[in-house]
Amino acid sequence: MNPMTREDWERVLEEHHLASFRWALTCCRGDREEARDVLQTVYLNVLAGRARFNGDASPTTWLFSVIRRTAMGRRRGGLVRGILLGQWARRRPDPPAAPDPRAGLEAAERTARLRRAMTSISARQRQVLELVFHHDMTIEQAAAVLGIGVGSARTHYERGKRALLARLTEEGL
Amino acid sequence: MTDEREHLKKFFGDLHEADDPVAPHYRALIRAADGNTVPPVRTAPLPVPLVTLTRALALAFAAGVLLLALRGPRPTPSDDEAVRLATSLGDWQAPTDFLLQTPAAEFLTSAPRLGTGMESVAGDHTDLIETEVTQ
């Protein structure tokens, strides 16, 4: 297999840019600034050849896996910095999503309900479900992105799906 | 099952739709990434409590070092003192030692010699003689 050139990667990154941002947002628990920084770090590492693709998975699966690992590393680093700087106790919660000014009140309310429904499942369940339902991956691919076993991913998928559907019904969505 | 799938697909689609307007532009991000040689790290200015904490730790460390230096080496006991200590340990008796001292215990620590009277046996014989007479 021919190694991918920088131009190849630029094309892949551009094709997946929006999906990558959405995935980074999920990995950063909705923190947009953090998601932007994560994405920039990932692009920098991929284009500079620091993150190496060995062809074991599809480029998308690999890219999403790099995004997840980068987000996780930054979160850990941020946590350590926060503890060292004494900021852990007064960490601000993730900023609430600013309502789109073009959208009406009803749409903003609907978005808030969607987000509330999302908080009813664990972060790992959310990630599995998003990869499967939003990024059209199989459970096996989702497991590869998340670095977990297929059985574990399947459990997260089943439980998360059940809980989310129940919550969506409760919210009338 | 298909309904569920479509429902969840729509849910995630709607959820992300609100975030799309704030997504960074790809070219802008690539340019920023090209401009940087190190990954971006959001840093915060050092808060004042950290400076105070660092100073307090440094002061505590200096005080500890000073205290150790002033105390000097710990004195070791001399030979005479060691002997005195060992002797005092040998003379020590437990406070409950008297409980082990039973009546006529001295008969157990000596044996009578053949051909001699009771006098050769240590201890008070009156009890023994009285016992024989009564029997």
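Each chain gets a letter, A, B and so on, in the order its sequence line appears, and its residues count up from 1. Values below: every heavy atom of this structure, side chains too, minus hydrogens, waters and symmetry copies.
Ring-plane geometry between H135(A) and H16(B) is classed as tilted, the angle between the planes lying from 30 to 60 degrees on a 0 to 90 degree scale. Between H17(A) and Y43(A), the two ring planes are tilted [angle within 30° to 60°].
The two residues I121(A) and A163(A) make their nearest non-hydrogen contact at CG2-CB, 3.7 Å. Of all heavy-atom pairs between A153(A) and A143(A), the closest is CB-CB, 3.8 Å.
Contact annotation for V42(A): neither backbone nor side-chain heavy atoms come within less than 4.5 Å of a heavy atom of chain B. Heavy atoms of H7(B) lying under 4.5 Å from chain A belong exclusively to its side chain. Neither the backbone nor the side chain of S20(A) comes within less than 4.5 Å of any heavy atom of chain B. Heavy-atom distances place the side chain of L168(A), and not its backbone, under 4.5 Å from chain B. For L13(A), the parts lying near chain B are the backbone and the side chain together; criterion is any non-hydrogen pair under 4.5 Å.
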Query raised in the report: Should W9(A) and F53(A) be marked as a side-chain contact (heavy atoms from CB on, under 4.5 Å) after you check the CA-CA gap, both sets of side-chain angles, and the distance that decides it?
Result: CA-CA 10 Å; W9(A) 275 118; F53(A) 174 63; 3.4 Å; yes
